[in-house]
Undergrad: 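I have a structure I would like to understand better, so I am pasting it below and will then ask my questions one at a time.
Just so you know, ligand 1 is whichever comes first in the structure, and atom 1 is the first atom listed for that ligand.
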Amino acid sequence: MKTKEIAKGIYSVGVADWNVRNFHGYLTQKGTSYNAYLIIDEKITLIDTVKVQFTQELIDRISQVVSLEKIDYVVSNHVEMDHSGAMPELMKRLPNATVLTSQSGEKEHKLHFKPDWKFQVVKTGDSVSLGIRTLQFLMTPMVHWPDNMVTYCPEEKILFSNDAFGQHLASSHSFDDEPLDVIMEEAKKYYANIIMPYSSQVVGVMDAVKQLDIQMIAPSHGLIWKNNIPAILENYTKWAHGQVDKKAVIVYDSMYGSTEKIAYAIRNAFEAKDYAYKFFDLKHNHVSDIITDCLDAEYICVGSPTLNKNIMPTVAAFLTYLQGLITKTKKGILFGSYGWAQQNTKVMERYFEESGIELIDKYNVNFIPDDAALLAITAGVSSKI
Ligand code: FEO
């Protein structure tokens with residue numbers, strides 16, 4: 001496949017992973033890419049690498065532009081192996097290269113690969129001259145790991161942002177030329193599933209990024225932002241601050257339909273009050289898709305019947321996933337049905353407490369809700385929202 005020049009002397013040498021469908025538990029229905037960038041200057045520089053199984057493809061793409069031994073710097077913005085897996089094999093062929101990375105990056109490389117590579121640790125405010133161009137570094141710890149940093153080239157006005165602003169999206173395009181709603185939905189899903197727990201750190205990153213003159217944001221997953229930079233910056237700011245829409249997410253699993261009936265009764269209350277809502281039966285929906293809608297929802301409503309001495313495993317899995325990601329306070333409603341033990345709401349309340357979700361109401365019906373009970377639930381929710 002042809003190596004693409006994204007700006008004069010700057011090449012996209014990463015790879016598309018068209019068929020990956022599960023990225024550590026996150027469903028990637030549109031595949032992904034591991035982007036790497038090659039800058040031809042007096043000092044030839046590679047920014048990030050790819051997953052180990054794509055090492056040869058990366059080498060082939062670089063070789064279309066320059067001999068590997070001519071590379072002077074490898075910038076490692078992030079050690080997670082989707083960006084560093086190729087490093088051990090690649091570095092054997094780069095006898096003259098110095099790895100530019102954060103302090104945590106050096107430590108993590110050593111823990112991963114036990115390398116004998118030459119490192120140069122950089123920190124916020126440091127810059128390295130490549131000749132005509134300069135690289136400036138901004139530490140972005142916890143977006144996504146402690147080692148994360150972004151690299152800015154002021155002469156080209158390009159921000160090499162690694163995970164930040166990424167999307168799990170394989171494409172034959174380099175730039176944001178796919179329909180914006182598709183790209184933005186994948187960027188939102190990426191934020192919800194990867195970045196959301198570190199939103200407070202993102203607030204600081206956004207303050208710094210907004211000071212930069214940017215014409216291109218080149219992430220390490222998905223498409224390069226060129227035509228829609230204000231839109232992605234605006235959305236990152238919204239998501240980082242936990243701003244919500246007038247929206248509810250209703251999530252449940254049901255054994256014989258009672259919990260589902262209550263879910264619809266709750267839905268009716270939100271619908272009557274003109275809320276946007278999403279309605280997810282966990283038998284048919286994946287947690288990584290549902291969490292995307294939780295990101296900008298005001299209310300999260302979760303339902304399960306009592307099953308044995310606990311709740312439905314699907315609901316427990318969702319609540320576990322939610323607990324690991326949610327940081328901003330949301331309002332919540334719990335619901336379900338039971339036969340002889342109200343374990344369901346007790347268990348779910350513990351998850352809500354640990355997630356910091358404010359429980360505004362709960363409904364637990366013995367066996368099967370009749371029409372009067374369902375109408376009472378709709379009225380009860382309506383009175384609280
Ligand atoms: Fe794309 Fe945190 O790695």
Undergrad: Where atom 2 (Fe) of ligand 1 is the centre, what is the OE1-to-ND1 angle for Glu80 and His144, rounded to 10°?
TA: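 Output for this angle: 80°, rounded to tens.
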Undergrad: Rounded to the nearest 10°, what angle sits at atom 1 (Fe) of ligand 1 between OD2 of Asp82 and NE2 of His221?
TA: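 It is 80°, given to the nearest 10°.
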Undergrad: Charged N to carboxylate O under 4.0 angstrom, Lys247 versus Asp296?
TA: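 Yes.
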Undergrad: Tell me whether Glu89 is salt-bridged to Lys92, with the criterion being a basic N under 4.0 Å from an acidic carboxylate O.
TA: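 Salt bridge: yes.
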Undergrad: Could you pull out the atom name of the N/O/S atom in Asp163 that is nearest atom 1 (Fe) of ligand 1?
TA: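 Looking only at N, O and S atoms of Asp163, the one nearest atom 1 (Fe) of ligand 1 is named OD1.
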Undergrad: Establish, for the pair Lys51 and Tyr34, whether the NZ or CZ atom is under 6.0 angstrom from the six-membered ring centre and no further than 45 degrees off its axis.
TA: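 No - Lys51 does not lie over the ring of Tyr34 by the 6.0 Å and 45° rule.
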Undergrad: Short check: any N/O/S atom of His83 below 2.8 Å from atom 1 (Fe) of ligand 1?
TA: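 True for His83.
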Undergrad: Nearest 0.5 Å, what's the CG-OG1 distance between Leu130 and Thr45?
TA: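 That separation rounds to 4.0 Å.
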